[in-house]
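Atom set for the values below is all heavy atoms of this structure, side chains included, hydrogens, waters and symmetry mates excluded.
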Amino acid sequence: MPIRTTEPAPAAEVAAVHRGGDPAARARRTERAKNWARRAPLLPALVFLIIVTQLPFVATVVISFTRWNALAPENRGFAAFDNYRAVFTDPAMRASVGTTVLLTVTVVLVSLLLGLGLALLLDRGFRGRGIVRTLLITPFLVVPVASALLWKHALYNASYGLLNGSLTWIWRLFGSDDPPQPDWMTDSPLAAVEVSLIWQWTPFMMLILLAGLQSRATDAIEAARMDGASAFDIFRYLTLPHLRRYLELAALLGTVYVVQNFDAVFTITSGGLGTANLPYTIYQTFYQAHDYGRASAQGVVVVLCSLLVATFALRTVSSLLREEVTR
């Protein structure tokens with residue numbers, strides 16, 4: 001039998017392949033061009049984001065390893081991990097960590113409970129629901145400093161505040177001329193800060209939980225009602241499990257924001273009487289002690305802790321989005 005030999009490809013075909021004549025190569029190049037066409041408009045925003053956010057953080061990290069105090073300019077140099085060692089051994093820093101944890105847990109939990117109750121009420125249809133919803137959202141739209149000033153002067157003030165004025169009015173209704181006039185910011189300083197933050201963050205929790213309530217499957221609820229389930233049973237076995245992801249998301253986002261709160265502490269109590277949290281402690285180190293190196297180390301530690309919480313928040317958001325896509 002004659003032996004068949006494989007003939008080499010013609011030179012024209014080889015040249016066509018090298019010139020891009022291969023359909024697979026053309027498809028790959030076209031796909032890369034489309035990807036770049038979609039991503040190119042985002043490059044300026046990405047560069048701007050890096051310049052605005054990442055470069056200052058890198059500078060803060062570099063300063064955190066230096067010995068830099070404005071009150072002793074001649075004693076400046078590389079400090080290695082001395083600033084971080086001072087951060088973790090500073091009693092004021094440890095006290096501010098405890099205050100921050102207590103403040104955050106109290107504000108987030110109470111805001112969640114109140115927000116859940118308001119969301120359950122607004123999930124029902126009634127006349128004027130749109131107006132009520134707008135009014136309940138209003139505290140979250142107030143500027144934080146303005147909110148703190150409102151509570152400090154219009155409500156907490158011992159001389160002309162609304163709280164003591166209400167006590168005076170109530171006592172006079174019963175014929176008493178000696179009403180109690182507590183100094184709210186002195187007697188309960190941490191509670192005063194917590195109440196102002198709860199008032200501000202309850203609408204945020206309410207919005208997230210209301211969105212979760214309105215995404216429920218109505219057919220399951222109607223079937224449970226037809227089977228004779230009570231309102232409490234529906235809430236316990238259907239509504240609450242459905243809201244678990246939304247509760248986690250609200251708690252995590254609230255934690256990220258409340259941990260960073262500075263306005264209420266600075267405005268209402270000026271960090272006194274055991275209300276100094278981590279942001280206020282960093283402020284004291286930077287602007288009052290003028291220790292830029294240690295303040296930068298404190299800031300880096302706070303940012304790293306916030307990133308841990310934010311990571312869980314992003315995972316919760318991703319799981320919520322996946323659940324919505326699979327429906």
Side-chain angles (χ1 to χ4, degrees), residues 45-108 143-145 148-149 152 189-190 192-194 196-197 252-314:
L46 179 61
V47 172
F48 177 78
L49 184 66
I50 292 174
I51 294 175
V52 171
T53 62
Q54 302 307 313
L55 291 184
F57 180 70
V58 172
T60 304
V61 173
V62 173
I63 296 173
S64 68
F65 289 100
T66 61
R67 186 173 56 257
W68 185 4
N69 193 312
L71 301 179
E74 70 284 350
N75 187 22
R76 184 186 303 178
F78 181 68
F81 291 95
D82 291 344
N83 290 324
Y84 289 95
R85 191 178 301 110
V87 167
F88 289 106
T89 57
D90 186 10
M93 188 68 177
R94 288 199 296 267
S96 67
V97 170
T99 302
T100 303
V101 171
L102 181 60
L103 179 68
T104 303
V105 171
T106 303
V107 171
V108 170
V143 178
V145 174
L149 288 172
K152 180 178 182 178
L190 189 59
V193 176
E194 291 170 350
S196 68
L197 291 176
L252 289 170
L253 291 179
T255 300
V256 170
Y257 287 112
V258 175
V259 163
Q260 301 174 2
N261 182 271
F262 173 80
D263 308 81
V265 175
F266 177 79
T267 304
I268 296 176
T269 63
S270 297
L273 302 175
T275 60
N277 59 349
L278 285 171
Y280 190 83
T281 303
I282 297 174
Y283 162 80
Q284 286 181 313
T285 306
F286 191 92
Y287 286 101
Q288 296 180 4
H290 300 284
D291 195 339
Y292 304 146
R294 184 178 299 185
S296 299
Q298 291 173 344
V300 171
V301 172
V302 173
V303 168
L304 293 178
C305 294
S306 300
L307 285 176
L308 292 176
V309 180
T311 301
F312 289 105
L314 291 175

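Relative ring orientation between F65 and F81 is described as perpendicular, the plane-to-plane angle rising above 60° on a 0-90° scale split at 30° and 60°.
A donor-acceptor pair shorter than 3.5 Å can be found between the side chains of T275 and T269. Counted by atom type alone, T285 and Q298 present one or more donor-acceptor pairs between their side chains at under 3.5 Å.
Every residue two or more places apart in sequence or in another chain that forms a side chain to side chain contact (heavy atoms under 4.5 Å, CB included) with F266 is listed here: F262, Y280, Y283. For F48, the side chain to side chain contact (heavy atoms under 4.5 Å, CB included) partners at least two apart in sequence or on another chain are V52. Considering only residues two or more places apart in sequence or on other chains, R76 meets the salt bridge (Lys or Arg N to Asp or Glu O under 4.0 Å) condition with none of them.
The closest donor-acceptor contact from the side chain of D291 to the backbone of N69 lies at 3.5 Å or more, if one exists at all.
Across all non-hydrogen atoms, the minimal contact from N277 to V259 is ND2-O, 4.4 Å. The two residues Y292 and I63 come nearest to each other via the heavy atoms O-CG2, 3.8 Å. Of all the heavy atoms in A276 and V265, the pair that sits closest is CA-CG1, 4.4 Å. For the residue pair I268 and A148, the shortest heavy atom distance occurs at CG1-O, 3.9 Å. Taking both residues in full, the closest heavy atoms of A264 and V193 are given as CB-CG1, 4.0 Å, listed atom of the first, atom of the second, then distance. Minimum interatomic distance between I282 and A295 (heavy atoms only, all atoms of both residues): CG2-O, 4.0 Å.
Looking at heavy atoms from C-beta onward, L197 lies in side-chain contact with L103 at the 4.5 angstrom threshold. You'll find the side chain of V300 reaches within 4.5 Å of the side chain of Y84, heavy atoms only.
Taken to the nearest 0.5 Å, the CE atom of M93 stands 10.5 Å off from the CZ atom of R294.
Tested against T100, the residues L278, N261, V258 include a single side chain to side chain contact (heavy atoms under 4.5 Å, CB included) partner, L278.
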